[in-house]
Amino acid sequence: MKDHLTDLLFNVIKQLTDKLSQSQIIIDRPKLIEHGDFSTNIALILSKILKKPPRDIAELILNQLPETTHFNKIEIAGAGFLNFFLSPFSHQTIINQVMKEKDNYGSNKNGQNHKIQVEFVSANPTGPLHVGHGRGAAIGDSIARLFKFSGWEVTREFYYNDAGAQIDNLMRSVKSHCLNIKPNDKNFPEDGYRGSYIADIAKDYLAKKSIKCAGQNIQASGDVNNEDSIRIFSIAYLRNEQDTDLEAFQTTFDIYTLESDLYKNHKVDFVVETLIKEGHTYEKDGALWLKTTKFGDDKDRVMKKSDGDFTYFVPDVAYHFDKWTRGFIRVINEQGADHHSTISRVRAGLQGLNKNIPSGWPEYVLHQMITVMRNGAEVKISKRAGSYVTLKDLIDEVGCDATRYFLAARRSDSQLIFDIDLAKSQSNDNPVYYIQYAHARIEGVLNQWGGERNKLSIDSIYNFRSLAEKKLIKRLSEFPEVVVQATEELAPHQITNFLKDCAAELHSYYNDSKFLVDDELTKLSRLTLIYAAQCVIKNGLRLLGISAPKKM
RNA sequence: CUGCCCGUAGCUCAAUCGGAUAGAGCACCAGCCUUCUAAGCUGGGGGUUACAGGUUCGAUUCCUGUCGGGCAGGCCA
């Protein structure tokens with residue numbers, strides 16, 4: 001419809017000037033229904049070129065526009081906006097299209113089956129997942145769903161930092177517990193992990209339990225002096241726990257990549273050798289440095305420490321080069337904002353490899369920090385993790401749907417306050433239930449009607465007249481555009497906003513009109529409209545990984 | 001000190017990548033259930049978009065500066 005309108009306008013404008021390309025014609029969806037279903041500011045833009053008042057130009061365009069069945073009113077408003085109002089014929093077309101596409105309504109093929117990878121959560125296996133990981137999971141998973149809905153071939157990936165100092169730290173913390181050295185003891189590792197989960201791991205380790213991890217059973221030896229065994233068991237234990245939490249959060253991954261594997265199969269070595277060969281490194285103070293300043297960083301970074309270990313970003317570069325060789329034309333990394341300094345290093349490292357990787361590759365979505373509130377006060381600790389609120393706490397207390405909703409409902413680059421009391425309340429305070437309730441209400445009406453809902457469609461004779469109907473239809477027609485934009489901007493919160501608006505219009509309509517009326521044509525038309533609305537709400541909720549209940 | 005993000009109603013947040021009267025929800029006030037789910041609807045009050053300049057037909061949006069909050073910056077994950 002937008003394209004059609006652009007064509008119409010361009011044909012007229014061509015005759016007025018040749019200084020405007022078709023891509024400069026922007027069709028907006030006005031916020032207010034009084035401003036129509038579509039609008040354009042093209043007359044305002046042309047007024048500069050043609051040196052005429054915008055309203056005059058708008059009138060000129062209006063008079064030249066050919067008759068069309070799509071609109072029954074076009075008017076000039078405000079400073080010179082052209083507003084278009086959809087005809088009953090268009091209303092039918094929109095609703096019937098939803099009926100035809102059902103679960104696919106709103107999807108598109110923009111991705112052309114190109115390969116894209118979304119990496120998210122990627123928590124270190126050193127403790128339970130916290131709220132921040134939850135935000136990453138909610139946003140990252142929704143982004144992956146959006147891309148899939150937009151015709152991309154999506155791979156969801158989780159990266160485990162299972163090598164490096166923090167893992168050694170984990171091992172020493174567990175070992176201390178095994179030796180009955182507690183966190184408040186002098187001999188407990190100073191930077192050790194102090195949550196109660198460490199004691200649980202130690203207990204299971206000593207009991208020689210076995211843990212399932214990545215399809216394998218990992219058996220604890222129970223030997224306090226076998227540090228390798230402790231390390232392997234601890235990682236397996238925590239990975240298993242994280243997997244369980246993510247499953248409860250309706251979040252799945254296609255591939256798990258281990259940092260340790262990048263060392264094992266020499267991908268790290270390859271990257272280091274290549275960077276040396278390309279002349280982007282130098283030695284200083286017994287360490288190997290990468291000239292990241294060549295690629296826009298504000299200072300050079302150490303790659304290999306004087307003790308021979310690599311700094312953390314080196315395997316990161318190797319990992320991303322691996323992604324590149326796997327053929328992803330786009331890679332989206334969803335991370336907490338505390339990682340933002342890695343962006344320039346990873347990109348610099350990739351540039352240094354001289355493999356024609358685009359400078360803006362990979363892309364990053366960074367989410368800001370979260371404050372959890374209860375009873376008006378900040379919650380900082382959990383029983384299990386000690387120093388932070390775990391994702392499991394939230395899921396257990398407020399449920400998966402509400403947790404996902406609240407963590408995805410905000411722009412990722414603003415800090416968010418997670419109000420446990422609000423998320424928990426099963427009342428009108430809670431937008432999740434507000435949306436789900438709209439879905440369930442429609443289900444109730446359709447059930448009472450009892451007819452064959454898949455045969456519903458709009459008969460050409462029927463006209464939707466009420467404001468509530470027009471608003472709802474307009475909203476449904478916008479869904480495909482919202483999907484496109486939310487995908488392009490990597491912003492799933494636009495879907496939550498859309499759903500809230502859509503649900504509001506449905507509820508208004510519900511109170512405004514009765515659906516199961518005597519007149520057959522009216523009844524079927526209205527039922528078709530609300531069934532279409534139900535499809536849209538369901539599709540939107542699915543993009544967020546939130547359930548669409550039939551009864552509440 | 002330097003870089004990145006943010007600052008919008010009492011609170012939590014939007015605002016279609018420069019558009020029309022800055023919108024929702026919560027809270028507050030007044031109404032609506034013998035009729036398809038009241039977890040709902042209708043109406044009302046509430047704003048110098050942190051502040052000061054600039055760019056133009058037009059700025060919450062772009063630029064500069066100031067103030068305030070968060071994050072990051074070390075041979076560190």
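Order of the sequence lines fixes the chain letters, A, B, ..., with proteins taken first and strands second; residue numbering starts at 1 for each chain. Owing to the predicted nature of the structure, the values given are computational and were not obtained by experimental measurement.
- With no hydrogens or angles considered, a side-chain donor-acceptor pair links A:Arg441 and A:His507 at under 3.5 Å.
- Of the listed nucleotides (B:C75, B:G69, B:A15), B:A15 has the atom at the smallest distance from the side chain of A:Lys31.
- Going from atom CZ of A:Phe313 over to atom P of B:A72 covers 19 Å, rounded to whole Å.
- At a threshold of 4.0 angstrom between heavy atoms, the contacts of A:Ala409 with the nucleic acid are absent.
- If you check every strand for non-hydrogen atoms under 4.0 Å, A:Asn497 touches sugar and phosphate atoms only.
- Within the 4.0 angstrom heavy-atom criterion, only backbone atoms of the sugar-phosphate kind lie near A:His507; the bases stay farther away.
- Judged by atom type and distance alone, A:Ser306 reaches the base of B:C75 through a side-chain donor-acceptor pair under 3.5 Å.
- On the C1' atoms, B:C6 is 14 Å away from B:U61, given to the nearest whole Å.
- Each of B:C13, B:C6, B:U37 was ranked by its minimum atom distance to the side chain of A:Arg410; first place goes to B:C13.
- Within the 4.0 angstrom heavy-atom criterion, no nucleotide atom of any strand lies near A:Asp191.
- Which of B:A77, B:U37, B:C41 sits closest to the side chain of A:Val445 comes down to B:U37.
- Residue A:Ala77 is in base contact, counting any heavy-atom pair closer than 4.0 Å across all strands shown.
- Looking at A:Asp168, its side chain has no donor and acceptor atom pair within 3.5 Å of the base of B:A77.
- A donor-acceptor contact under 3.5 angstrom links the side chains of A:Tyr319 and A:Glu157, judged on distance only.
- The same atom, P, is picked in B:G7 and in B:U60; the two are 14 Å apart, to the nearest Å.
- Heavy-atom nearest nucleotides on RNA chain B were determined for A:Gly286 and for A:Lys551, and the one closer to the 5' end corresponds to A:Lys551.
- As a whole-Å value, the separation of A:Ile417 CD1 from B:G25 C1' is 15 Å.
- Of the candidates B:A20, B:U16, B:A14, B:A20 carries the atom nearest the A:His35 side chain, counting heavy atoms from C-beta on.
- Between A:Gly36 and A:Pro30, the shortest heavy-atom contact is O-CG, 3.4 Å.
- Using a 4.0 Å heavy-atom cutoff across all strands shown, A:Gln166 reaches sugar-phosphate atoms only and no base atom.
- With salt bridges taken as basic N to acidic carboxylate O contacts below 4.0 Å, none links A:Lys523 and A:Asp519.
- Closest approach to the A:Phe81 side chain among B:U37, B:G19, B:G40 is made by B:G19 (side chain taken as heavy atoms from C-beta onward).
- Candidate nucleotides B:C13, B:C75, B:C4 were compared by shortest atom distance to the side chain of A:His340, and B:C4 ranks first.
- In this entry the base of B:C33 is syn relative to its sugar, with a glycosidic angle within 90° of 0.
- Shown here for A:Lys31 and A:Lys474, the closest heavy-atom pair between the two residues is O-NZ, 4.3 Å.
- Aromatic ring orientation, A:Phe479 versus A:Phe149: tilted (interplanar angle from 30° to 60°).
- Side-chain contact annotation: A:Asn161 with A:Glu259, donor-acceptor N/O pair under 3.5 Å present.
- Residue contacts for A:Ala287: at a heavy-atom cut-off of 4.0 Å it reaches a base atom on one of the strands shown.
- Nearest nucleotide to the side chain of A:Met369, out of B:G70, B:C57, B:C36: B:G70.
- With hydrogens and angles left out, the side chain of A:Thr311 and the base of B:A77 share no donor-acceptor pair within 3.5 Å.
- Side-chain N/O atoms of A:Tyr312 and base N/O atoms of B:A77 include a donor-acceptor pair closer than 3.5 Å.
- Counting non-hydrogen atoms under 4.0 angstrom, A:Lys299 reaches the backbone sugars and phosphates but no base.
- Among the heavy atoms of the strands lying under 4.0 Å from A:Lys284 is at least one base atom, whether or not backbone atoms are also near.
- Close to B:G73, at under 4.0 Å from its OP1 or OP2, lies no side-chain N or O of A:Arg301.
- Comparing atom distances between the A:Ser508 side chain and each of B:C36, B:U42, B:A77 picks out B:U42 as nearest.
- Evaluation of atom-type donor-acceptor distances gives a pair under 3.5 Å for the side chain of A:Asn41 against the base of B:G19.
- Taking the side chain of A:Gln485 as heavy atoms from C-beta on, and the options B:C17, B:C71, B:C57, the nearest nucleotide is B:C17.
- The side chain of A:His493 lies closest to B:A15, out of B:A15, B:C13, B:A20.
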